[in-house]
Amino acid sequence: MKNKALSTLMATAITATLVLPMSTASAASSQIQSNLYETQVAAVKLAGESVTIKNITNDTVITSNGTYRIQQALKPLFQTSNKAALTNARATIVVKNGQITDVTALILNKAGTSKKSVYFDGGNAQISGDLTVNADYVKIQDVSVDGQLIITNRVKKAVTLDEVAVDETITLKPIVTKKVSWLYVTLIDMKSSNINLERTKVNVSSDQTLSKVDVVGKVASFEAMSNIEKLTINVAKDFNLYGEGKIEQIVVKGGTKVALDSGHLVNNVQVDDSRVSVTLPVIDKKELNTLIASPPYVQVSVNGYDILNTDKWTTQADRTVFDSAVASARVIANNSNASQEQVKNAINQYKNALAVYQAAQKSGTKYGYGDKASLQSLINSVQYVTVSWDGSNVPYNSPWTTQTERNAIESAVSSAQLIVNNYYATQTDIANATNNLNNAIRTYKNAYKYGTNGGYNVDKSYLESLITSAYNDLVSISYNGDGSDVPYYSKWTSQNEWIYINNYIEQAKSIVNNYYATQLEVVNAYNNLNGAMSYYNSAKRDGLLH
């Protein structure tokens with residue numbers, strides 16, 4: 001679609017260069033001069049004729065210089081649905097034989113409102129120069145820009161870019177006023193975007209990773225609600241970074257006091273100017289330290305026969321795997337240079353290892369001998385599993401036995417119950433019955449086989465209900481960290497506490513969406529999420545903003 005060389009050749013052959021004069025009125029304020037520059041800069045020294053668009057029909061563009069037909073490739077730019085957006089727009093166009101063959105610059109001057117944006121849909125057509133946004137509440141989509149996409153100082157509230165391909169940079173020009181409100185820039189499906197930020201108080205949100213963001217000049221604050229590969233800060237004075245996401249690298253080239261303690265996960269910070277006072281990202285290890293302070297170990301056994309029925313146990317192999325995860329987490333906790341990303345990964349790996357460890361835990365089978373109460377407890381502990389012919393009707397990874405094996409354990413239970421019910425039973429009778437039933441239980445458990453039905457009968461409804469409850473329990477995040485940015489009638493938690501509960505919600509959702517999840521995995525996910533909700537709810541605090 002793009003052919004810069006051809007466009008330039010055509011422009012040179014058939015048109016003269018247009019140079020717009022700068023204002024020389026000495027009484028004009030710096031703000032007016034700046035605004036005038038923003039509206040003219042895209043047209044300066046560009047090949048073509050500068051026109052103001054007056055109206056659009058199906059086949060023509062009516063301009064201040066006349067009416068022109070439109071080359072087929074450019075028709076999407078001038079479709080009638082763009083009439084509102086192109087009202088009083090300034091364009092630098094190349095004209096041949098009464099037909100517009102190239103657009104070398106375009107300045108959009110029509111503003112929308114907070115309730116209704118002005119839409120400009122480029123239909124995948126090309127602007128072979130700069131595209132300038134010079135008004136608020138404009139949404140631009142599906143257009144290819146060979147030069148810069150410039151957002152001028154007249155854009156003070158919001159602008160949205162959706163699938164706009166920008167060859168050079170998205171440039172936000174400075175604003176020369178004492179009172180500056182936050183400008184919200186939303187990027188949708190914008191891949192490999194490079195941003196040159198010359199304006200303070202800009203909030204950029206993007207659903208794609210930003211390749212490069214350069215913050216320069218008199219920028220005091222910037223909020224990035226996105227992932228960034230490289231953020232370069234070269235400012236005049238103090239600077240504060242806000243927002244959340246992941247930043248691979250931050251390079252500080254200039255400034256006085258540069259605060260990077262935002263909610264971002266930052267992998268690397270490079271300070272090129274030693275005179276700059278840099279507040280590094282805060283590495284929160286509170287949750288990790290709490291987890292490794294007292295790992296919930298249980299006893300180790302070969303078969304559980306030496307463990308009381310009231311206690312849990314695992315094999316040494318299960319314990320070793322969990323020990324390894326604990327040791328790895330402690331390495332990160334003790335590493336003063338660990339990044340927040342490493343801490344987050346260590347927490348997730350620990351929790352995953354803990355879930356596996358807890359799933360491997362079993363109850364001991366050792367009971368006291370010589371009294372009926374212990375024998376009755378042993379009888380009550382027997383858990384019967386599904387009876388099947390071949391396991392095809394039993395959920396995946398759930399135990400089953402044959403009817404013969406079920407009859408054997410039921411017979412042993414009945415015999416033991418007769419001893420409990422026998423007023424004249426001796427201590428020897430009780431001890432023998434206990435021993436016989438223990439042996440029968442072991443034989444019964446050794447006969448377990450596991451179902452082959454791929455999870456059709458697994459009940460996930462209670463886990464799904466808990467996930468819904470967890471979402472309903474989510475409250476605001478205090479980016480200030482003390483609730484001063486949250487209304488007093490609302491609850492809030494920290495960013496880390498929100499991430500904590502969200503991780504458990506995502507883990508539970510993965511179990512719900514796993515066709516082959518076992519009932520045990522569902523139960524474990526339920527218990528883990530329920531515990532996380534208790535912690536999250538206890539962390540909620542009242543806002544302080546009045």
Side-chain angles (χ1 to χ4, degrees), residues 296-319 355 357-453 457-459 461-463 518-527 530-531:
Y297 290 117
V298 296
Q299 298 180 67
V300 171
S301 177
V302 175
N303 51 27
Y305 299 164
D306 55 335
I307 308 298
L308 290 175
N309 67 302
T310 55
D311 295 334
K312 296 285 188 180
W313 66 277
T314 66
T315 63
Q316 183 60 55
D318 294 326
R319 171 66 173 266
Y357 181 61
Q358 290 176 331
Q361 293 173 16
K362 311 169 190 66
S363 296
T365 57
K366 182 179 178 181
Y367 283 82
Y369 289 84
D371 65 277
K372 289 184 177 181
S374 294
L375 178 57
Q376 186 64 62
S377 294
L378 180 59
I379 292 170
N380 296 339
S381 74
V382 176
Q383 294 183 343
Y384 299 108
V385 297
T386 304
V387 172
S388 178
W389 176 258
D390 57 4
S392 61
N393 63 326
V394 180
Y396 174 79
N397 215 25
S398 294
W400 64 275
T401 67
T402 64
Q403 185 62 57
T404 300
E405 291 157 345
R406 172 68 170 264
N407 292 341
I409 186 63
E410 287 181 342
S411 176
V413 168
S414 296
S415 297
Q417 193 65 57
L418 287 175
I419 296 299
V420 171
N421 297 338
N422 183 1
Y423 180 79
Y424 298 103
T426 65
Q427 291 298 312
T428 300
D429 294 333
I430 296 171
N432 288 337
T434 300
N435 188 55
N436 291 337
L437 183 53
N438 265 322
N439 290 334
I441 291 173
R442 284 194 290 272
T443 300
Y444 182 58
K445 288 184 176 180
N446 288 337
Y448 282 3
K449 295 163 279 289
Y450 291 88
T452 57
N453 187 314
N457 298 321
V458 173
D459 181 11
S461 59
Y462 58 97
L463 179 57
T518 65
Q519 196 69 62
L520 180 59
E521 289 174 321
V522 174
V523 170
N524 286 337
Y526 179 91
N527 291 336
N530 199 37

Just so I know, are the side chains of K449 and P399 near enough to count as touching, which here means a heavy-atom distance under 4.5 Å?
no
Neighbour count above 12 (heavy atom, 6.0 Å) for Q403 CD
yes
Do you know the tightest heavy-atom contact between A425 and I419?
CB-O, 3.6 Å
Where do A416 and A433 come nearest, in terms of heavy atoms and distance?
CA-CB, 4.4 Å
Can you tell me if S411 uses its side chain to pair, donor with acceptor, with the backbone of N407 under 3.5 Å?
no
With rounding to the nearest 0.5 Å, note down the distance linking CG in N303 to NZ in K445.
10.5 Å
In Å, rounded to the nearest 0.5 Å, how long is the span from CG of L437 to OG of S381?
7.0 Å
Euclidean distance, I441 CD1 relative to L378 CG, rounded to 0.5 Å
4.0 Å
Give, for atom OG1 of T402 and atom CH2 of W400, the distance between the pair rounded to the nearest 0.5 Å.
7.0 Å
Nearest-0.5 Å distance, CD of residue Q417 to CG of residue L375:
7.5 Å
Under 3.5 Å: donor-acceptor pair, side chain of N380, backbone of Q376
yes
With the side chain counted from C-beta on, respond yes when Y384 and T386 share a heavy-atom pair under 4.5 Å apart, and no when they do not.
no
Only one of Q358, R319, K362, Q361 passes side chain to side chain contact (heavy atoms under 4.5 Å, CB included) with V298, and that residue is Q361
When you measure from the side chain of N422 to the backbone of L418, do you find a donor-acceptor pair of N or O atoms at a distance under 3.5 Å?
no
Side-chain heavy atoms of Y444 within contact of R406, under 4.5 Å
yes
Start with the C-alpha distance between V300 and W313, add both sets of side-chain angles, then the distance that settles side-chain contact (heavy atoms from CB on, under 4.5 Å), and finish with yes or no.
CA-CA 5 Å; V300 171; W313 66 277; over 6 Å; no
Between T426 and D429, do the side chains contain a donor N or O and an acceptor N or O under 3.5 Å apart?
yes
Atom pair OG1/NZ of T434 and K372 - distance to nearest 0.5 Å
11.5 Å
Would you say the side chain of V523 lies within less than 4.5 Å of the side chain of Y462, judging by non-hydrogen atoms?
yes
